[in-house]
Enquirer: 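Provided herewith is a single structure, encoded as structure tokens, for subsequent inquiry.
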Amino acid sequence: MPNITRRAFGALSASALLSSALPGLAQTRGRVIVGTWGGDYQSLQQANIVDTVLKDSGLQVVFDPAAETVRKSKILAERRLPRGTMDVACLTRQGTYEMYANGALEELDETKIPNLAKVHPFLRTKYSVPHMYTGRVILYNPKEVHPAPSSYADLWDPKYAGRVGVIDIQYQNTIESAAMIAGGGPSNVEPGKEKLLELKKQGVKIYPTNEAMAQALKSGEVVMCIMWNARGFMWKNAGIDVDVAIPKEGLALYISDVGVPKNAPNKEAAFAYLNAMLDERPQAAFAEKMGYAPPNSTVTLDPALAAVIDYKPDQQFVQPDLEYMAKVDASLQSWWEKDFKS
């Protein structure tokens with residue numbers, strides 16, 4: 001669906017009010033505007049949430065696809081308005097934290113989102129619903145990398161100089177990973193900068209997107225990279241020769257999060273959508289199609305799939321420092337552009 005302007009949204013809202021006044025056309029929950037990423041992620045929401053869980057709900061779902069930066073900017077720009085133009089905001093865990101810290105996201109009431117009670121405790125916050133998650137790992141070509149990597153430090157091995165890749169849009173994760181082998185960590189990524197400059201001298205390759213990295217792995221231009229386990233699952237299924245190694249430094253998480261703006265025009269519909277996202281059916285479907293683990297603890301996956309993409313609740317995860325990262329992000333991006341990429 002195309003982006004909806006505030007003027008167009010107002011016209012649609014007026015039309016909905018008129019329709020609800022007509023006999024037989026009243027909808028119990030009305031319209032919900034879902035700000036999300038486009039592509040496969042939106043298509044899977046349509047097929048497995050809208051057309052399945054919400055099929056007979058009377059809820060009319062309108063997608064507003066855009067990049068996360070655009071979505072965050074819209075929420076912040078509209079936060080002082082009595083009514084915004086978005087009911088549901090799909091963001092990263094860092095993104096929901098930033099929006100909540102800026103007073104733009106609603107604190108969630110579990111009674112309005114019953115499926116929230118099924119979510120693993122280590123994934124929960126008071127302001128967001130985790131839709132799916134995966135771990136940060138090392139992807140490598142098993143024919144070219146011997147022995148299998150066991151640490152982020154293995155990317156610095158001179159024998160792989162010029163054949164290691166990093167992704168431009170994942171600068172935060174890359175700097176943090178480097179810091180984890182240089183005396184730092186999620187709450188102090190500064191040591192990662194000097195470490196990455198060493199990798200730069202070795203001829204590290206920088207790719208603009210995840211998709212570009214997939215092509216580099218497929219062609220053999222790159223034999224090792226830092227990536228999400230779910231991507232490894234998808235790329236392996238697509239015929240790319242990659243294996244996954246969990247770094248001994250620990251498993252950091254990527255969480256695809258969802259929140260409700262404080263001025264959402266239809267909060268009840270937003271809560272219904274969030275509850276549907278956590279339903280066992282779409283949770284299982286996203287796991288099978290995209291390789292992300294389901295936050296809903298009651299979802300049962302095929303054992304072979306679970307062995308590849310799921311995690312045990314007692315697994316030791318590297319917890320992010322969301323407040324710290326929000327404070328240093330601008331300086332990290334500046335360093336990445338001026339010192340690392342130049």
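Throughout, residue positions are numbered sequentially from 1 according to the sequence presented. A quick note: this is a predicted structure, and the numbers were derived from the prediction, not measured.
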Enquirer: Taking Thr52 for its side chain and Ile49 for its backbone only, find out whether a donor-acceptor pair lies under 3.5 Å.
Expert: no

Enquirer: What's the verdict on side-chain contact (heavy atoms from CB on, under 4.5 Å) for Gln170 and Met227, showing C-alpha distance, side-chain angles and the deciding distance?
Expert: CA-CA 9 Å; Gln170 291 195 21; Met227 183 42 71; 3.8 Å; yes

Enquirer: Any chance you could lay out the side chain to side chain donor-acceptor pair (under 3.5 Å) test for Asn115 and Glu280, step after step, and finish with the verdict?
Expert: CA-CA 9 Å; Asn115 283 332; Glu280 284 84 354; 5.4 Å; no

Enquirer: Any donor-acceptor pair under 3.5 Å linking the side chain of Asp157 with the backbone of Tyr160?
Expert: no

Enquirer: State plainly whether the residues Glu198 and Lys195 are in salt-bridge range, i.e. N to O under 4.0 Å.
Expert: yes

Enquirer: Please evaluate residues Asp339 and Lys193 with respect to the criterion salt bridge (Lys or Arg N to Asp or Glu O under 4.0 Å), reporting the C-alpha separation (whole Å), side-chain torsions for both, the decisive distance (0.1 Å), and the verdict.
Expert: CA-CA 9 Å; Asp339 297 273; Lys193 293 179 178 178; over 6 Å; no

Enquirer: So, Lys267 and Glu106, do they make that salt bridge, N to O below 4.0 Å?
Expert: yes

Enquirer: Do the side chain of Asp87 and the main chain of Ala264 share a donor and acceptor less than 3.5 angstrom apart?
Expert: no

Enquirer: Please tell me whether Val222 and Leu139 are part of a single hydrophobic cluster in this structure, the criterion being side-chain heavy atoms less than 4.5 Å apart.
Expert: yes

Enquirer: Is any side-chain heavy atom of Asn102 closer than 4.5 Å to one of Leu76?
Expert: yes

Enquirer: Return yes if some donor-acceptor pair links the side-chain N/O of Asn229 with the main-chain N/O of Gly135 below 3.5 Å, else return no.
Expert: no

Enquirer: Taking the six-membered ring for Trp, is the centroid-to-centroid distance between Phe286 and His131 below 6.0 Å?
Expert: yes

Enquirer: Salt bridge between Lys341 and Asp168, side-chain N to carboxylate O under 4.0 Å?
Expert: yes

Enquirer: Establish whether Phe317 and Val189 are linked, either directly or via other cluster members, by ILVMFWY side-chain heavy-atom contacts under 4.5 Å.
Expert: no

Enquirer: Is the number of heavy atoms from other residues, nucleotides or ligands within 6.0 Å of CD (Gln333) greater than 12?
Expert: yes

Enquirer: Please check this pair: side chain of Asp279 against backbone of Arg281, looking for a donor-acceptor N/O pair closer than 3.5 Å.
Expert: yes

Enquirer: So which pairs with a foot in residues 183-232 pass ring-ring contact (aromatic ring centres under 6.0 Å, His included), sequence neighbours left out?
Expert: Trp228-Tyr254

Enquirer: Donor-acceptor check, side chain of Gln316 to backbone of Leu251, threshold 3.5 angstrom: yes or no?
Expert: no

Enquirer: Measure across Val53 and Asn48 and return the closest heavy-atom pair with its distance rounded to 0.1 Å.
Expert: CG2-O, 3.7 Å

Enquirer: At their closest point, which heavy atom of Ile309 faces which heavy atom of Tyr292, and how far apart are they?
Expert: CD1-O, 3.6 Å

Enquirer: Given the rule in the side-chain contact (heavy atoms from CB on, under 4.5 Å) test, do Val62 and Val32 qualify, once you have shown the distances and angles that lead to the verdict?
Expert: CA-CA 6 Å; Val62 177; Val32 58; over 6 Å; no

Enquirer: Without hydrogens or angle criteria, can the side chains of Thr92 and Glu68 be said to hold a donor-acceptor pair below 3.5 Å?
Expert: yes

Enquirer: Please find out if less than 6.0 Å separates the ring center of Tyr311 from that of Tyr133.
Expert: yes

Enquirer: Measuring only between side-chain heavy atoms, which start at C-beta, is Pro320 closer than 4.5 Å to Met325?
Expert: no

Enquirer: Could you tell me which non-hydrogen atom of Val129 sits nearest to which non-hydrogen atom of Asp257, and how far apart they are?
Expert: O-OD1, 3.1 Å

Enquirer: Below 4.0 angstrom, N of the basic side chain to O of the carboxylate: do Glu221 and Arg163 qualify?
Expert: no

Enquirer: Using the rule given for salt bridge (Lys or Arg N to Asp or Glu O under 4.0 Å), can you reason through Arg124 versus Glu110, listing the C-alpha separation, both sets of side-chain angles and the distance that settles it, and then say yes or no?
Expert: CA-CA 11 Å; Arg124 294 190 56 170; Glu110 188 175 297; 2.8 Å; yes

Enquirer: Using a strict cut-off of less than 4.0 Å between a Lys/Arg side-chain nitrogen and an Asp/Glu carboxylate oxygen, indicate whether Glu211 and Arg231 qualify as a salt bridge.
Expert: yes

Enquirer: Report yes or no: does Ser334 contribute a side-chain atom to a donor-acceptor pair with the main-chain N or O of Ser331 at less than 3.5 Å?
Expert: no

Enquirer: Not counting sequence neighbours, list each pair that qualifies as a ring-ring contact (aromatic ring centres under 6.0 Å, His included) and has a residue in residues 79-106.
Expert: Tyr100-Tyr127

Enquirer: What I'd like to find out is whether the side chain of Val164 reaches to under 4.5 Å of the side chain of Val223, using heavy atoms alone.
Expert: no

Enquirer: For the rings on Tyr140 and His146, is their centre-to-centre separation under 6.0 Å?
Expert: no

Enquirer: When you compare the side chain of Met234 with that of Lys289, does any pair of heavy atoms fall below 4.5 Å?
Expert: no

Enquirer: Go through it in stages, so that I can follow the logic: the residues are Asn141 and Val242, the test is side-chain contact (heavy atoms from CB on, under 4.5 Å), and I'd like the CA-CA distance, side-chain angles, deciding distance and then a yes or no.
Expert: CA-CA 5 Å; Asn141 185 327; Val242 290; 5.7 Å; no

Enquirer: Checking the side chain of Asn263 only, and the main-chain atoms of Leu81 only, is there a donor and an acceptor separated by less than 3.5 Å?
Expert: yes

Enquirer: I'd like to check Asn173 versus Glu176 (side-chain heavy atoms, cut-off strictly below 4.5 Å). Are they in contact?
Expert: no

Enquirer: Taking all non-hydrogen atoms of both residues into account, name the closest pair between Ala287 and Leu301 and its distance.
Expert: CB-CD2, 3.8 Å

Enquirer: When rounded to the nearest 0.5 angstrom, what distance separates CD1 in Ile175 from CZ in Phe340?
Expert: 8.5 Å

Enquirer: Less than 4.0 Å between a side-chain N and a carboxylate O, is that true for Lys74 and Glu78?
Expert: no

Enquirer: How long is the straight-line distance from SG of Cys90 back to CG of Leu274, given to the nearest 0.5 Å?
Expert: 8.0 Å

Enquirer: Does any N or O in the side chain of Gln172 come within less than 3.5 Å of the main-chain N or O of Asp329, such that one atom is a donor and the other an acceptor?
Expert: no

Enquirer: Please determine whether the number of non-hydrogen atoms from other residues, nucleotides or ligands lying under 6.0 Å from atom NZ of Lys205 exceeds 12.
Expert: yes

Enquirer: Answer yes or no: is there a side-chain heavy-atom contact under 4.5 Å between Arg93 and Pro130?
Expert: yes

Enquirer: State plainly whether one hydrophobic cluster holds both Val244 and Ile167, where clusters connect Ile, Leu, Val, Met, Phe, Trp and Tyr through side-chain heavy atoms under 4.5 angstrom apart.
Expert: yes

Enquirer: Side-chain contact test, heavy atoms from C-beta onward, threshold under 4.5 Å: evaluate it for Thr36 versus Asp64 and give yes or no.
Expert: no

Enquirer: Quick one: do Met213 and Leu196 end up in the same hydrophobic cluster if we chain Ile, Leu, Val, Met, Phe, Trp and Tyr together by side-chain heavy atoms under 4.5 Å apart?
Expert: no

Enquirer: Please check this pair: side chain of Asp154 against backbone of Ser151, looking for a donor-acceptor N/O pair closer than 3.5 Å.
Expert: yes

Enquirer: State, with a plain yes or no, whether a side-chain heavy atom of Gln46 is found less than 4.5 Å away from one of Asp51.
Expert: yes

Enquirer: Would Tyr273 and Ile33 count as a side-chain contact (heavy atoms from CB on, under 4.5 Å) here? Give the steps.
Expert: CA-CA 10 Å; Tyr273 193 84; Ile33 308 297; over 6 Å; no

Enquirer: Is it possible for you to say whether Met180 and Leu253 belong to one hydrophobic cluster, with membership spreading through side-chain heavy-atom contacts below 4.5 Å?
Expert: no

Enquirer: Please report the C-alpha distance between Thr174 and Ser177 in whole Å, then the side-chain angles of each, then the deciding distance to 0.1 Å, and finally whether the side chain to side chain donor-acceptor pair (under 3.5 Å) criterion is met.
Expert: CA-CA 5 Å; Thr174 305; Ser177 298; over 6 Å; no

Enquirer: Would you call the rings of Trp37 and Tyr41 parallel, tilted or perpendicular, where under 30° means parallel and over 60° means perpendicular?
Expert: perpendicular

Enquirer: Kindly give the heavy-atom pair with the smallest separation between Asn296 and Gln283, and that separation in Å.
Expert: N-OE1, 3.0 Å

Enquirer: Which pair of heavy atoms, one from Ile75 and one from Ala89, lies closest together, and at what distance?
Expert: CD1-CB, 3.7 Å

Enquirer: Can you pull the salt bridge (Lys or Arg N to Asp or Glu O under 4.0 Å) pairs that have at least one residue in residues 33-44, sequence neighbours excluded?
Expert: none

